[in-house]
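Quick notes on the structure that follows.
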Amino acid sequence: MLNSFLAGVPAILAAKDSPGFIVGPIAKLLGIIYNALFNFIYSFTQTGSLALAIVLFTVFIKIVLLPLMYKQIKGTYRMQKLQPELNKIKAKYEGKTDEESQRRMAFEIQEFQRENGSGMLMGCLPMLIQLPILYALFYIFRQPYDYVTVVGDLYTQITNALLNIGAAERVELLKPIILSKNTTVDVAVFDQVMALVKTMSFSDWNSILASGSASLGELSSLLAQKHSIEYFFGLNLVSNAGLGFPGIIVPILAGLTTYLSSWYMMKRQQASTGAADEMSATMTKSMNIVMPIMMGVITISTPVALGIYWTLSNVFSVFQTWIVYKLLEKRDEKGELVFKDKKKKEKKEEPKSTIVDRNKFTNQNNQNNKKGAK
């Protein structure tokens with residue numbers, strides 16, 4: 001696996017930074033990892049290798065983000081436990097609407113959260129980190145020929161197979177496709193034919209194969225290999241999910257699992273620590289409705305592979321949440337998560353006087369008595 005990992009690095013690093021100078025390096029790094037996982041799967045099976053690599057890749061990402069998820073849940077867990085203390089701070093300023101009182105209350109709440117290892121940012125951090133990852137994966141799955149060496153080599157072979165067809169026949173085969181895409185392609189130039197190949201759909205290839213030409217034998221076998229890699233249970237992983245069947249299944253699953261993950265997180269919080277304050281509960285319920293709908297709509301216009309990744313990520317999140325809460329509840333039973341006022345902990349004990357200290361104190365008293373006598 002190490003050889004396959006290293007073999008794909010130069011090609012992936014040479015890929016164009018289409019995601020931009022910020023997300024581009026992330027896409028290349030994730031592309032190198034995904035390429036290694038794909039090659040590992042491909043060494044066992046060609047069929048569904050792109051989809052099976054997504055499963056391994058999802059597990060990898062979830063393991064990497066697990067420490068951050070643990071901190072997030074731990075911070076939320078502690079703050080729910082400490083809600084009575086926060087309510088005491090708010091009670092101090094109840095009925096005080098002046099700017100100074102509101103500033104003091106906000107400062108005390110912020111200090112209380114800081115001292116107890118929690119805060120609003122920790123709850124948002126995992127999602128903020130996942131955003132550039134999702135953006136990078138969008139390009140990896142939309143352009144697998146740039147990030148998966150096997151797929152890139154296959155597209156090159158398909159292009160060469162087209163160029164090996166006689167010029168006149170090649171023009172007749174590709175002309176309808178070129179016109180349907182409203183573009184101009186010199187079918188004798190490798191780069192231009194390669195660019196066309198990258199945009200061709202399943203129906204485009206079927207129209208070429210339907211000609212029944214004897215010169216398409218090599219191309220037919222290469223397209224069968226491409227189909228076995230890029231398709232999974234009838235879903236084209238590198239094309240957008242869309243609203244048609246069976247692609248629409250992916251956005252539906254993405255939305256449902258997003259709701260499941262959020263709902264389970266809220267349920268665990270309430271079961272372990274009691275209900276949160278009314279404002280937080282209302283906000284959480286609103287997000288549990290908005291986020292699933294938003295993710296479902298977004299995944300309609302993204303590659304199917306990205307929707308599968310998000311769906312699997314949500315399922316693994318539920319499993320990880322269950323594990324983390326079990327660990328926190330055990331620590332809580334042992335008293336390791338009980339609130340302790342840091343100010344009390346940091347209270348310094350008075351130092352015990354030593355023999356040297358007592359002698360120094362006696363000498364100072366004697367000198368003071370002599371001065372008083374004079």
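Bear in mind that the values here come from a model prediction, so they are computed numbers and not experimental data.
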**Message:** Over 60° means perpendicular and under 30° means parallel, so tell me whether Phe44 and Phe40 are parallel, tilted or perpendicular.
**Reply:**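 The arrangement is perpendicular - the two ring planes meet at more than 60°.
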**Request:** Over all heavy atoms of both residues, which pair between Met69 and Ser317 is shortest? Give the atoms and the distance, please.
**Result:**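 Reported closest heavy-atom pair: CE-O, 3.5 Å.
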**Item:** Heavy-atom side-chain proximity of Val187 to Ile178 below 4.5 angstrom
**Value:**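 Sidechains of Ile178 and Val187: in contact.
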**Message:** Going by ring-ring contact (aromatic ring centres under 6.0 Å, His included), name the residues that satisfy it together with Tyr42, two or more places apart in sequence or in a different chain.
**Reply:**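 ring-ring contact (aromatic ring centres under 6.0 Å, His included) list for Tyr42, sorted by chain: Phe38.
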Could you check whether any side-chain N or O of [X] sits under 3.5 Å from a backbone N or O of [Y], counting only pairs where one atom can act as donor and the other as acceptor?
{"X": "Asn314", "Y": "Leu260", "answer": "no"}
{"X": "Thr299", "Y": "Met295", "answer": "yes"}
{"X": "Thr156", "Y": "Gly152", "answer": "yes"}
{"X": "Gln102", "Y": "Lys96", "answer": "yes"}
{"X": "Gln192", "Y": "Asp186", "answer": "yes"}

**Prompt:** Quick one: do Met291 and Val315 end up in the same hydrophobic cluster if we chain Ile, Leu, Val, Met, Phe, Trp and Tyr together by side-chain heavy atoms under 4.5 Å apart?
**Reply:**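 No.
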**Item:** Exercise: do Ser203 and Ser201 side chains pair donor with acceptor under 3.5 Å
**Value:**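 Side chains of Ser203 and Ser201: pair found under 3.5 Å.
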**Message:** Within a 6.0 Å radius of atom CD on Glu94, are there more than 12 heavy atoms belonging to other residues, nucleotides or ligands?
**Reply:**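 Counting other residues, nucleotides and ligands, CD of Glu94 stays at 12 neighbours or fewer.
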**Request:** Evaluate the side-chain contact (heavy atoms from CB on, under 4.5 Å) criterion for residues Val185 and Leu174: first the C-alpha distance (whole Å), next the side-chain angles of each, then the deciding distance (0.1 Å), finally the verdict.
**Result:** CA-CA 9 Å; Val185 177; Leu174 296 178; over 6 Å; no
**Message:** Once side chain to side chain contact (heavy atoms under 4.5 Å, CB included) is applied, do any residues pair with Ala305, and if so which ones, sequence neighbours excluded?
**Reply:**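 Partners of Ala305 under the side chain to side chain contact (heavy atoms under 4.5 Å, CB included) test: Ile54, Phe141, Leu237.
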